[in-house]
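Quick notes on the structure that follows.
Chain identifiers are assigned alphabetically (A, B, ...) following the order of the sequence lines, protein sequences preceding nucleic acid strands; residue numbering begins at 1 within each chain.
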Amino acid sequence: MSTVANTIFSPETAARFDKLVTIYPLKRSALVPMLLYAQDEIGYISDAVVTEIAQRIDLLELDVHNVLSYYSMLRTKPAGKYNVQVCTNISCMLRGGYEILDHCKHKLGIGHKETTKDGVFSLEEVECIGACCWAPAIQINYDFHDDLTPDKVDVLFQMYRDGQGKDVK
Amino acid sequence: MPALVSHPDEVKVVSRRFGMGATDIDKYVELDGYKAVQQAIAKGPEWIITEMKASGLRGRGGAGFPTGMKWSFVPKQSEKPKYVLVNGDESEPGTCKDHVLFLHDPHAVIEGTMIAGLAIGSKLGFIYLRGEYRYLLKIVEKAVADAYAKGFLGKNIFGTGVDFDIITQTGAGAYEVGEESALMESLEGKRGVPRIKPPFPAVVGLYGGPTVINNAETIANAPHILLMGGEAYAKLGSERNGGTRLFGISGHVERPGVYELPMGYNLKRAIYEVAGGIKDGKTLKAVVPGGSSCPVMLPEEIDIGLDFDQMGKAGTMLGSGGIVVLDETVSIVEFALRTIAFYQHESCGWCIPCREGTDWIKKTLTRVYNGGGNKKDVANVQYLAENMLGRTFCPLGDAAAMPTIAFVKKFRKEFEDYIEGNKAGTPIITVEQLVGAH
Amino acid sequence: MPDVKFTVDGKQLTAPAGTLLLEACKTAGIEIPAFCYYPGLSLQAACRMCVVRIEKMPKLQTACTTPVAEGMVVTSESPEIAQARKATLQLLLGNHPLDCPVCDAGGECELQDMTFKYGAADSFYAEPKNHREEQKWSPVVYFDRPRCILCYRCVRMCGEGMDVFALGIQNRGSSSVIAPNVPAQMSPDDLAHVDCEQCGMCIDACPVGALTSGTYRYKTRPWEMNHVSTICTHCGDGCKTTLGVRSTSDGSEIVRGDNRDKSGINNDFLCNKGRYAFDFANNEDRITQPLVRQPSGEMKPVSWEVAFDHVGKKFRELRDTRGGKSIGVIGSNRTTNEEAYLLQKFARTVLGTNNIDHHRTADYATFAHSLAGMTDRAASLKDTLTAPAIMILGGDPTIQAPATAWNIRTNVRNNRARLYIANASEIKLRRQAKAFAHIAPFSYGALASFIAGDDSAVDSLTHPGADAASFHNFRNAVRAEEQLLVLIGSDIRGGDLKRLLAFGTTMPNRKFALLSDYVNSRGAADMGLLPDLLPGHTTLAGNTTFAEYNAPSEPGLDMLEIFEAAGRGDLSALYVVGSNPVSRYGVDPSSLKNTFLVVQDMFLTETAALADVILPAANLYEKSGSVTNSYGDLQLVSKAGDRAGVRTDFEMIVRIADKMGANMRELIPFGKGPRGAGTHGDMGQSRGAHSGEADQHAVWLAANNMEPKLSPFDPFAILDEIQRLVPGYNLLRLQLLSGNDQHLQPAVSTANLVQISNRRDLVLPANDTLFTSGTLGRYSTMLSDLQHNESLRPPTGLTQIQTAAD
Ligand SMILES: Cc1cc2nc3c(=O)[nH]c(=O)nc-3n(C[C@H](O)[C@H](O)[C@H](O)COP(=O)(O)O)c2cc1C
Ligand code: SF4
Ligand code: SF4
Ligand code: SF4
Ligand code: SF4
Ligand code: FES
Ligand code: FES
C-alpha cells in the first residue's frame with residue numbers, strides 16, 4: 001500500500017487510489033485509470049497530480065508525463081465544468097456533426113479546446129465516440145447525447161446551465 | 001440512451017437479451033445466464049476449445065481470426081500466469097456495437113471471459129473499455145460486483161473449487177490502444193505503442209504471460225456457442241464464417257442502428273431492407289463497409305455477402321462491422337480528408353511511414369480541399385499511401401493507407417475535378433473547422 | 001547456441017541461432033541501413049529502414065528484429081526494398097530542416113548518408129516545414145526538434161544504458177517529441193531541462209544532428225579536424241577518447257572529444273569527463289612561461305634555459321650539501337607511466353632519495369603483493385562486461401568509475417549477470433543488484449573480514465534495517481557463485497584488503513580489481529612513486545631486479561612525513577610534478593617556507609602558488625606514452641593538443657637531470673654504444689659495480705629485436721626499460737602501438753618476496769563527483785558549468801524503477 005500522507009485528493013479518491021495500486025499484478029497498471037479519475041476530481045492533470053501519482057506508483061514524473069501526453073482525454077489545462085465533446089467523425093459528419101459543432105461554437109462563443117468565461121462550458125471537437133448509429137452525437141463530460149439537432153443542443157445546454165444535467169463520473 | 005432497433009431478418013444470438021433488463025444479474029440468470037460457464041467447468045478446456053473451433057466464430061474486432069484456434073495456441077504449461085483480455089476499446093469510426101453490448105448484456109461479456117479463462121487455464125481476466133465509455137464501465141463494474149456477490153467470480157466459483165477474477169479497466173482516449181499489443185501496454189500503465197511481434201500475445205502477452213485477447217462481442221458469443229453447440233452456431237452463418245454478427249449501420253440510411261445479422265448476409269439488403277434504404281430518398285454514392293479503415297465500395301459492388309472471405313475477395317474488408325453509407329451529396333475529397341485526419345490524429349507515432357505518411361497525406365488533402373491543389377497531388381497521395389501499405393509497425397498504417405488508396409483509385413476523376421474547381425457533392429467542413437481538432 | 005544456415009543475396013551464411021539478421025549480415029559484410037537499431041539496446045522496429053525480403057513472408061520484414069532461422073532465404077537489396085527505404089527517407093526529409101551545411105552532424109549524419117544512397121533528396125512535398133527553436137537542455141545537451149527523426153536511440157541510451165531515464169517520448173503521432181525530465185513549467189527559467197548525469201551518450205547515439213553537445217556546437221566541421229585517439233585523463237577506467245584537434249595560432253586546440261571509432265576498452269561508452277572535460281587544456285589561466293621567484297618574493301617569467309639552470313643548480317647543491325634524504329619528490333596520478341618511472345628513477349638515482357610519493361587513491365601495493373605470483377586473479381575492465389557474477393565491495397562505480405558502471409549495467413541487462421553489492425550507502429548500481437548488503441557506516445574493515453569468513457565481524461555490519469541474517473544470506477549467495485568478479489572500492493585497504501584477498505584467492509574462479517580514481521593512479525603505484533617500493537611493487541630490501549639503480553636502501557618519507565619534515569625545517573627541496581598536495585592534504589603553507597619548491601603544473605594551484613620555480617607543464621592530451629588503468633589494462637596515449645610555451649613532464653625531468661650533471665645514458669637508455677660512458681661520463685655517476693659488465697639494456701633490446709631510441713626525450717626509451725625491468729609489465733609492444741589495450745598481471749618480483757607489514761595506510765580517496773576531477777577539473781569550464789547546473793536542482797532520492805513483466 002502506498003498511502004500518501006498529504007494527498008491532494010479527496011478522502012474517497014485517495015482511498016480508491018490506495019486500493020487501485022494493489023489490485024494488479026503490476027502496480028503501474030493503475031496509472032491510466034488513476035490519471036483519468038484524478039482529472040475527474042481536479043479538473044485536469046496538474047503538476048501536483050503528476051507528482052502524487054508518480055509517488056503512488058513509484059514512477060518518475062517523466063514517466064507519468066510520457067504516458068499522460070499520449071492519451072487524448074487527459075488534459076494539463078483546466079476545462080469547463082461541463083466539457084462538451086462534439087464528434088465530427090465520418091458517421092456524425094454525414095448526419096450533421098459539423099453543424100452541431102458550429103452551433104456549439106456560436107452558442108457558447110468559444111472554439112475548440114476553449115472555455116466559456118464563466119467556466120461552465122468548454123468545447124472540444126473529438127474523434128468517433130462510439131455512437132455512430134445515433135449520430136450526430138456529443139458527450140458532455142461522460143454523458144452521451146445522440147441524434148442531435150441544434151435545437152436539442154440548446155435544450156441540453158440550458159439543462160446543464162440549470163444544474164439539471166447528469167454528471168456521471 | 002441509444003435507441004434499440006430491430007428487423008425481422010435479424011437472427012438474435014448475442015443480442016438475444018438486449019432490452020430485457022439483463023444487466024440485472026437475476027434477470028440474466030433467468031435468461032440462461034451463467035449456465036454455459038458451469039458446463040464449461042464441468043466439461044473442461046478441451047471441450048470448450050472443440051466447441052469454439054466447431055462454431056467457426058471469427059474475431060469480431062476486425063481481423064476475423066478464428067477464435068477457437070486462437071485459444072488453442074496458448075501453451076498449456078506456463079511459468080507465468082495466463083490472462084484473458086477483453087477488448088472493449090471500440091474506437092473505429094462507424095463502430096458502436098460493443099457499446100450496445102455493454103449497455104444491455106454485460107454479464108454475457110463476463111461469462112465469456114470466464115469461459116475463455118477456463119479454456120486456456122487462466123485465473124484472471126481484464127475487461128478494458130475505452131475511456132469515453134464511462135457510463136458503460138459503471139454498468140460492467142456493477143455486473144462484476146454482482147457476480148462476485150453471488151460467488152460467480154472470485155474464489156471457488158459456483159462452489160466448484162475453481163478461482164477466477166475479473167478486473168475492469170478504463171482507457172483514456174486513444175484509438176491505437178485497440179490494437180491488441182498496444183492495449184497490453186496501456187493496461188501496463190504505458191503509452192499505447194504496440195509491441196514487436198512475434199512473440200504473439202498467446203505466448204508472451206500481458207505482464208509477459210500467455211494472453212488471449214478478444215473483442216467484447218467475440219467473447220460474449222462464447223456462452224451462446226457452448227449452450228447451442230458449436231455446430232449449430234456455425235450453421236447460422238456462411239462458409240468458414242460461423243454465426244451472426246452485430247452490424248452497425250450508420251450514415252445516410254433511414255433506420256441507422258445496430259442489427260444482428262447472419263454472417264454472409266447481403267450488404268445491399270442490409271442497407272436497403274434492414275436499415276430502410278437511403279435517407280430522404282437520395283441515391284447511394286458509396287459504402288464504407290466495416291469501419292473507416294475498410295476500402296470504400298461503389299454501389300455496383302455491394303451485392304455481396306457480409307463475411308470475411310467474400311469481402312476480402314472484393315478487395316475490401318468486413319472489419320468491425322460498422323457499415324457507413326454515403327449518399328450522392330457527399331464529397332469524396334472531404335470524406336477522404338476526414339478519414340485520414342482521424343488516422344493522423346490517432347497514429348501513435350512510433351514508426352516513420354505511418355507517423356509521417358498520415359501527416360503528409362492529411363496536409364496534402366487539406367490543401368487540395370482548400371482549393372490549393374494541383375494535378376500531381378492525386379498521384380502524390382496515392383504514392384504516399386502505397387508506400388505506407390505493408391511497411392508500418394502495426395496495422396494502423398494499413399488502416400490509413402487502404403481507404404486512402406481506394407478513395408483515390410475509385411474516385412480519381414472526382415479528385416481531379418475538385419482540383420480543377422468542379423466540386424462534386426456538398427462539402428461541409430469549413431476552413432476554420434479544419435484548423436480545429438486535427 | 002548452435003549455428004544455423006541461411007542465405008542472404010545468394011550467399012550462404014551461418015550464425016548462431018538467435019542472432020538478429022541485421023547483426024548476422026553485418027558480420028558477413030552486408031550492411032543493412034538502420035536508424036532505430038542500436039546494438040545492445042532494446043529493439044524498436046520503428047524506423048523501417050532495415051526492411052528486407054524474406055522468402056515465404058508476405059511483407060517486407062525488419063532485419064533488426066528478425067532472428068536468423070535455418071534455411072531462411074533473404075534479399076537485402078532489390079528495387080522493391082530500395083523503394084521502401086527511399087519512401088521512408090522522403091517522408092523524413094519532408095519535415096527535416098535540411099540545414100546540413102550548418103548542422104553539427106553534417107558529414108557524420110546517418111540520414112545524410114542514407115539520402116545520398118537511396119536518392120531520396122528530391123522532396124516533392126509542397127507543405128511548409130515545422131519550425132521550432134533549438135533548446136538548451138543543459139550545458140552539454142542541446143536539442144533541435146525539427147532534426148529529430150524519432151529513432152528513440154537517445155531515450156533507450158539514457159534509460160537502459162545509463163539507467164538515468166531522463167529522456168522520454170511525449171505526445172503521439174506527428175506531434176511526438178523527445179522530452180527531457182524537467183518540463184518547462186517546473187523549471188525556474190520556464191525552459192525545459194535535463195536533470196541527469198550529462199554523459200552525452202544520447203548525443204553520441206543520435207544518428208542525426210538533433211542532439212548536439214554544448215562544447216562542439218557550430219565550432220567546426222568534422223572534416224576540418226584532425227582526430228587523435230588517446231586516453232581520458234580523468235578516472236581510473238581509462239577510456240579511449242578521440243579528440244578532434246584544430247590548428248590555432250599558438251598550437252593546436254582540442255575542440256571535441258568523442259568516441260568516434262568505438263574501438264577502445266570502453267566500447268560505446270564515454271562519460272561527460274571523457275567527452276567534454278578536455279577544455280582545461282584550453283583554459284586561459286594556463287601558465288605558459290617558466291616562473292622563478294625573485295628575492296623580492298615576486299614571480300618573474302624567465303627563459304627555459306634560465307629556469308632549468310636554476311633548478312639543476314639548486315637541486316645539485318642541496319643534494320650535495322644537505323644530502324638526498326633532505327629532498328622530497330611528489331609525483332602524479334595523471335602523468336604517463338614513463339614519466340612516473342623516470343621521476344622515481346631520477347629521485348632515486350640522481351637526487352639520491354626514496355622520499356617519493358603520490359596521491360594514492362587505492363592500495364595497489366597490498367593488492368599486488370596479495371596476488372603476486374598468481375595468474376588469472378587480476379581482472380580487466382573487460383571482465384566487467386562478461387563476468388556472470390560480480391560483487392562490489394565499497395566504492396561507487398557510477399560516480400567513481402563510470403565506464404565500469406556502464407559495463408556492469410550492460411552485462412546485467414544483456415547477459416543477466418548477477419550483481420552483489422555491499423556498501424554503506426545506497427549506491428545507484430543497487431538498482432541492478434540481485435542482492436544488496438547495506439552495511440553500517442565505517443564498517444568496511446568488518447566487511448572484508450566477514451566476507452573472508454570471520455563470522456564475528458557481522459556484528460559491526462549490522463544496524464537498524466539490516467540484521468545479521470541478511471549478511472549471511474548475502475555471503476552464502478556470493479559463495480555459491482561458481483565464477484565471481486570482485487570489485488573492491490578504495491575504502492578497503494591495508495590489512496583488510498590483504499585478508500580479503502588472502503581468502504578470495506583460496507576460492508577458484510575469483511578475479512579481483514581495485515578501483516582507484518585517476519587515469520594513472522594504478523600506473524603511479526606500479527611505477528614506484530612510493531617511498532618503500534620500487535617499480536613493480538618491488539621491495540627495497542633484497543632487491544636484485546633494480547640492482548643497476550643504486551637506490552638508497554632505506555625506505556623514504558611518505559607524503560605526510562615529507563610535509564612533517566618540511567615543517568621541522570628538514571626538507572631542503574621538494575619537487576612536485578603534476579600534483580596539488582597543498583590543497584589535497586591541507587598542508588600549512590608556512591611549513592614550506594624553508595624548502596626550495598619546484599612545481600611542474602599547468603595552473604597556479606595552491607601548491608604552485610608557494611613554489612620557487614614553476615615549470616609550465618603539458619597535460620596528458622599533449623604528450624605520448626602509456627597509462628595503466630585501475631584494472632591493470634595498459635594503453636597508449638597519443639599527443640593531440642599542443643600549446644606553445646609548455647613542455648612535457650618527461651622533457652622537464654630530463655632537462656633538470658641534465659643540468660644537474662647526471663649521466664643521461666644511465667638515466668635514459670638511449671643511443672648506441674655502452675651506457676654509462678655517455679656524454680656526461682665525467683659526472684661521477686659511473687657505477688663501479690656495472691662498469692665493464694655487458695650493457696644489459698642493449699642485450700635486451702637486441703634479444704627483443706628492438707632498436708635503441710635515439711633521443712633522451714623519447715618516452716619509449718623509458719618504456720623499453722619498464723618492459724625490461726618492471727615485474728608485471730611484460731607488455732606486447734605491437735598491441736600497445738596499435739592502440740589496443742592489454743591486460744597486465746600484477747607481479748611482484750618473486751625472486752625476493754618479502755612480506756610487507758606495517759605499511760602506513762595513506763590512501764585518500766579523491767571523492768570526485770560526476771562533475772569534478774580533482775584540481776584539474778576546476779579548470780574545466782564545462783565541469784564548472786555542470787556543477788553550477790547541478791546546484792540549481794534539488795537532490796532527489798534513489799528511485800526504484802519498476803521493470804515490466806520480467
Ligand atoms: C489500430 C487498431 C485498432 C483496433 N481497435 C480495436 C478495437 O477497438 N476493438 C477490438 O476489439 N479490436 C480492435 N483491433 C483489433 C485487435 O488488435 C485484435 O485483433 C482484436 O481485439 C482481437 O480480437 P478478436 O479476435 O476477437 O477480433 C484493432 C486493431 C488495430 C490495428
Ligand atoms: S503504424 Fe506505426 S505509427 Fe502507426 S499506430 Fe502503428 S506503430 Fe504507431
Ligand atoms: S546526457 Fe546522458 S544522462 Fe543526460 S540525458 Fe543524455 S544520456 Fe541521459
Ligand atoms: S534526438 Fe536523435 S537519438 Fe533521439 S530520437 Fe531524435 S533522432 Fe533519435
Ligand atoms: S569513465 Fe572515466 S575514463 Fe571513461 S570517460 Fe569517464 S572519466 Fe574518462
Ligand atoms: S462517428 Fe461520431 S460517434 Fe462514431
Ligand atoms: S533499424 Fe529496423 S526498424 Fe529501425
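Under a cut-off of 6.0 angstrom, the local environment of CD in B:Glu420 is crowded, with over 12 non-hydrogen atoms contributed by other residues, nucleotides or ligands. Crowding of C:Lys117 atom NZ: a count of heavy atoms from other residues, nucleotides or ligands under 6.0 Å exceeding 12. For CZ of B:Phe65, the number of neighbouring non-hydrogen atoms (other residues, nucleotides, ligands) closer than 6.0 Å is greater than 12.
Residue with the most contacts toward chain C among B:Ala174, B:Gly372, B:Pro353: B:Pro353 (heavy-atom pairs, distance under 4.5 Å). For the set C:Leu150, C:Leu43, C:Thr65, the count of heavy-atom pairs under 4.5 angstrom toward chain B peaks at C:Leu150.
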Review point. Would C:Ile169 and B:Trp350 satisfy side chain to side chain contact (heavy atoms under 4.5 Å, CB included), going step by step from the backbone distance to the final call?
Key: CA-CA 10 Å; C:Ile169 310 163; B:Trp350 185 251; 3.9 Å; yes

Exercise for review: Tell me, with the steps shown, if C:Leu92 and B:Arg355 meet side chain to side chain contact (heavy atoms under 4.5 Å, CB included).
Suggested key: CA-CA 10 Å; C:Leu92 281 179; B:Arg355 179 182 73 233; 4.2 Å; yes

Exercise for review: Just do the side chain to side chain contact (heavy atoms under 4.5 Å, CB included) check on C:Gln90 and B:Tyr383 with the steps written out, would you?
Suggested key: CA-CA 11 Å; C:Gln90 285 172 323; B:Tyr383 175 86; 2.6 Å; yes

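Of all the heavy atoms in C:Leu60 and B:Arg391, the pair that sits closest is CD1-NE, 3.8 Å. C:Ser176 approaches B:Gly349 most closely through the heavy-atom pair OG-CA, 3.9 Å.
To the nearest 0.5 angstrom, B:Ile196 atom CD1 is 7.0 Å from C:Thr62 atom OG1. Within the model, atoms CD1 of B:Ile352 and SG of C:Cys36 stand 7.5 Å from one another, a figure rounded to the nearest 0.5 Å. Note that CD of B:Glu356 and CG of C:Leu89 are 11.5 Å apart. Values are rounded to the nearest 0.5 Å.
For C:Gln61, no part lies near chain B; criterion is any non-hydrogen pair under 4.5 Å. With a threshold of 4.5 angstrom between heavy atoms, B:Arg195 does not approach chain C through any atom at all. For chain B, the nearby parts of C:Thr88 are the backbone and the side chain; heavy atoms of each come within less than 4.5 Å. Heavy atoms of B:Thr392 lying under 4.5 Å from chain C belong exclusively to its backbone.
There is a side-chain donor-acceptor pair under 3.5 Å between C:Ser174 and B:Gln344.
Between C:Arg172 and B:Glu176 there is no salt bridge, since no side-chain N of the basic residue sits under 4.0 Å from a carboxylate O of the acidic one.
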